[in-house]
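Taking it in order: structure first as structure tokens, then the write-up.
Counting starts at 1 for both ligands and their atoms, in listed order.
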Amino acid sequence: MDVLIIKGGKRLKGTVEISGAKNAALPLIAASILTSGENTINMVPDLRDVKTMGKLLTNMGAEFHYQAQRAIIDSKRINNFEAPYELVKEMRASVLVLGPMIARFGRAKVSLPGGCAIGARPINLHLMGLEKMGAKIELESGYIIASAKRLNGASLHFDTPTVTGTENLMMAAVLARGTTVIENAAREPEVIDLANALIYMGARIKGAGGSEIEVEGVDELKPIRHTVIPDRVETGTFMAIAGITGGDIIIKGCILGNLNALVIKLKETGLGLEEVEDGVRAIGQARPKAVDIETAPYPGFPTDMQAQFMALMSVAEGTSVITETIFENRFMHVAELMRMGADISFKGSTAAVRGVKKLKGANVMATDLRASASLVVAALRAEGETTIHRIYHLDRGYEKMEEKLNSLGADVRREKR
Ligand code: EPZ
């Protein structure tokens, strides 16, 4: 398994180009199932998860081609309505094929995604919504067996905003008979990007980005060309990197408006953030100030930036209190940061991060995608060499990370172990 070896202590400077958003690209690829024809999606990042989603569609009989950040998907000849365990266990977001498959074909057999390192990750709200729209849902040997002659519009309410739940049910509703209203919907920019693509396909959707989305079903959708929005979590990760290395990084191709809650908190740490043409310039100080955060559904502080922010706070002046409200086990990076000399304790969903002057390079283990990003952030500051093991977690969500870091003056190399 690959490791990443990082020699810390350098102030990173230069320009980095943000890739397309993983969490927008995945639902957009799944949405191609809704049309019978060739969809072209640009700015699709070259990630493991994208390859897995491509394998999933190919396994269903679709044609999936990927080259140079462009995915071309033709779902004309889908003839297998199954998302097998072998693929779903690689990537939970595979559950996103459920809604479009039932909407277009009236049937689907999708392996239950199961939990992951950061939590149980149930999909009860996805299934509740599909049942309310008239789908018959059975669970059999770890698979969801779903069927429906044609889905009916329904009034749905989420106890808690779920991103892929909102996306799954929006895709189920676009071909349903009648109107569907989703209350307490997720408001993430990736939900808006998907809604825009569906509208280009001919769907009738109002309110995406707000907490109430209305979908009026149509009979058919047509294939489109679409460009994925930039990855706001990658953007935030490079902001944290500028902060922790005292660097000066121009982050190009990002949409600052998608990160307001994070930007406010990063500015409180002393990070300079100024808009430049087609991006933002992030200027780090010698040492960040301690700032408290609490994650929340969008537009609150993004849970996907909690681990990276904690790495930044591990060298802050003062103590920062970090509360994770979305996932029940998203502090797996704490023990690894402590191996590097961080002084952190946590009880339940709240961590106290007492900033230290120095971090020291060490052998550390990536446990999940954003935890691995947090270890990269910390390693770029740490004295000496850090070896990050199980770096395949990072490869799920960050395109060409070591290339981008080295172009900013970092000393990062990948080794096969
Ligand atoms: C999406 O996951 C993202 N993944 C996650 O990014 C992100 O952390 C998460 O949203 C929250 O922002 C993709 O978009 C592919 P949720 P998702 O459903 O949709 C509970 C990354 O690092 N819930 O919004 O799976 C759930 O337990 C990944 O890129 C239910 O109870 O998250 C959680 O507490 C990690 N029942 C909360 O809702 C359900 O049916 C939010 O989960 C669904 C969710």
Check whether any N or O atom of L369, backbone or side chain, sits under 3.5 Å from an N or O atom of ligand 1, and answer yes or no. no
Nearest-option assignment for atom 44 (C) of ligand 1, heavy atoms, candidates P122, P297, A371: P122
Using the six-membered ring wherever Trp is involved, compare the ring planes of H333 and F331 and label them parallel, tilted or perpendicular (cut-offs 30° and 60°). perpendicular
Atoms of ligand 1 under 4.0 Å from any heavy atom of I123, numbered from 1 in the order shown, are 39 (C), 40 (O)
To the nearest 0.1 Å, how far is atom 11 (C) of ligand 1 from its closest protein heavy atom, and which atom is that? T303 CG2, 3.9 Å
Which residue and atom name correspond to the protein heavy atom nearest atom 18 (O) of ligand 1, and how close is it? T162 OG1, 2.7 Å
Can a salt bridge be assigned to the pair D304 and R330 using a cut-off of 4.0 Å between side-chain N and carboxylate O? yes
So, do Y392 and D2 sit near enough that their side-chain heavy atoms are less than 4.5 Å apart? no
Relative to the heavy atoms of K22, which atoms of ligand 1 are at a distance of less than 4.0 Å? 21 (C), 29 (O)
Taking NZ, NE, NH1 and NH2 as the nitrogens, is one of them in K289 or E268 under 4.0 Å from a carboxylate oxygen of the other? no
Identify, for atom 32 (O) of ligand 1, the protein heavy atom at the shortest distance, and state residue, atom and that distance. F327 CZ, 3.9 Å
Ranked by distance from atom 33 (C) of ligand 1, the top protein heavy atom is I326 O, 3.5 Å
Any donor and acceptor pair, going by atom type alone, linking the side chain of N406 with main-chain N or O of V412 inside 3.5 Å? yes
Among all protein heavy atoms in this structure, tell me which lies nearest to atom 24 (O) of ligand 1, with the distance rounded to 0.1 Å. V163 N, 2.8 Å
Closest to atom 38 (O) of ligand 1 by heavy-atom distance, out of T325, L26, D304, T160, is T160
Ranked by distance from atom 35 (C) of ligand 1, the top protein heavy atom is R330 NH2, 3.7 Å
Would you say E188 and R232 make side-chain contact, with heavy atoms under 4.5 Å? yes
Using the rule side chain to side chain donor-acceptor pair (under 3.5 Å), only one of E17, E399, E234 pairs with K404; which is it? E234
E415 and R417 ion-paired at < 4.0 Å: yes
For ligand 1, find out whether one of its N or O atoms is nearer than 3.5 Å to an N or O atom of N23. yes
How far is atom 22 (O) of ligand 1 from its nearest protein heavy atom, and which residue and atom is that? R370 NE, 2.9 Å
With a cut-off of 4.0 Å, which atoms of ligand 1 are near a heavy atom of R92? 25 (O)
Partner of I5 under side-chain contact (heavy atoms from CB on, under 4.5 Å), picked from E402, R413, R414, is R413
For H126, the ligand 1 atoms whose distance to one of its heavy atoms is below 4.0 Å: 40 (O)
Which residue supplies the protein heavy atom nearest to atom 2 (O) of ligand 1, what is that atom called, and how far is it? R121 NH2, 3.4 Å
Using side-chain heavy atoms (C-beta onward) and a distance below 4.5 Å, is T295 in contact with F327? no
